[in-house]
Protein chains: 2
Amino acid sequence: MKRAKKKVFADFMSQKGLKSTKQRDIILDCFLSSDRHLSIEELYLKLRSKHPNIGYATVYRTLKLFAEAGIAREMQFGDGQTRYEHVSEGEHHDHLVCTRCGHIEEFENETIEKLQDEVANSRGFLIERHRLEIYGLCANCRK
Amino acid sequence: MKRAKKKVFADFMSQKGLKSTKQRDIILDCFLSSDRHLSIEELYLKLRSKHPNIGYATVYRTLKLFAEAGIAREMQFGDGQTRYEHVSEGEHHDHLVCTRCGHIEEFENETIEKLQDEVANSRGFLIERHRLEIYGLCANCRK
DNA sequence: AATGTCAATGAATGTCACTTTCATGATGGC
DNA sequence: GCCATCATGAAAGTGACATTCATTGACATT
Ligand SMILES: [Mn+2]
Ligand SMILES: [Mn+2]
Ligand SMILES: [Zn+2]
Ligand SMILES: [Zn+2]
């Protein structure tokens, strides 16, 4: 799926008349081969060891591009940093966030999604998106 | 319930050895008689007309005290400002947020809450809190 | 009522995570 | 290869908090 996302991004870029650069290639590769839910700072630091010449602003702008292209999603978990996670076409999930170690787990629940639709319908709301986050202690941190 | 919350706050303050001041009284009164989901800035501006001598920092610190005392809750709706809403003992609700006009509606759904518990249990997570927000167009903005 | 002590206030400043600017460098259509 | 555009990154700007510190105020005590 790494290849598929690279294609999606390449198509988006050419369709927008934007250019392919070494930096963007490196950042995309690093993003796709990293854990999910990375902050700009984290990705920047991860890149820095191998590519000290890539600036923070470029990482920042490139992650925005990923989001625009639909291969990444911006997330806020309340830790003061914007995080980016991988997105696959048509896929959706919500999150369990550990308040002690920061571990993030993903889940899907079709019934919850349906109930949300019902709530929105009953109020005349047209849903664009939603966020459901459960905060607490992960299995490890409970021990 | 305005009186009840004032009592809760007064008890919290005396139990913590903190002092009662004109500013805190005024801010509490203004907060309790305002719409829900106000930002610090909004409350500060609302106060400013009648009480131009109350500083931003005092509003900021006093809202934090309300949250500590359990009569207010900090919320992030992604508009870049922290919002505070009234909290009543034992009460919980989630939100529908209009992305066009900013209107915020509240809802409760016992079934969704139960399903969340199930999800957390199945992963060994111990829930501390959760947030569920549905973003979209409100009935008014759909017209 | 005056005093003493410690918390409260608010103008100013600091912090932090973006966000934008601008001079310089790279890309790619012709 | 030329050159109009786009991209880059160091530096500066922004905005919403968060903290500092000199001064003021609350209130228990005298
Ligand atoms: Mn995720
Ligand atoms: Mn609410
Ligand atoms: Zn954990
Ligand atoms: Zn609306």
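Just so it is clear: chains get the letters A, B, ... in the order the sequence lines come, proteins before strands, and each one is counted from 1. Because the structure is predicted, anything quoted here is derived from the model rather than measured.
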All side chain to side chain donor-acceptor pair (under 3.5 Å) counterparts of B/K6, not counting sequence neighbours: B/D29

Co-members of the apolar cluster containing A/V87 [side chain, <4.5 Å]: none

Pairing residues for A/K7 by the side chain to side chain donor-acceptor pair (under 3.5 Å) criterion, not counting sequence neighbours: A/D11

Chain A contact limits on DNA chain D, taken 5' to 3' with a cut-off of 4.0 angstrom to heavy atoms: D/dT5 to D/dA10

Set of side chain to side chain donor-acceptor pair (under 3.5 Å) partners for A/T58, sequence neighbours left out: none

Partner residues of B/E85 under the salt bridge (Lys or Arg N to Asp or Glu O under 4.0 Å) criterion, sequence neighbours left out: B/R73

ILVMFWY clustering at 4.5 Å (side-chain atoms), partners of B/L137: A/L126

Non-neighbouring partners of B/K50 that pass side chain to side chain donor-acceptor pair (under 3.5 Å), sequence neighbours left out: none

Contact boundaries on DNA chain C for chain B, cut-off under 4.0 Å to non-hydrogen atoms: C/dC6 to C/dA11

Near-strand residues of residues 48-63 of chain B, defined as heavy-atom separation under 4.0 angstrom from DNA chain D: B/Y56, B/A57, B/Y60, B/R61

Pairing nucleotide - C/dT21, Watson-Crick or G-U, each distance under 3.5 Å: D/dA10

Counterpart residues, side chain to side chain contact (heavy atoms under 4.5 Å, CB included), relative to A/R123 (two or more places apart): A/F125, B/L96, B/E105, B/F107

All pairs passing ring-ring contact (aromatic ring centres under 6.0 Å, His included) where residues 8-28 of chain A contributes a residue, at least two apart: A/F9-A/F66

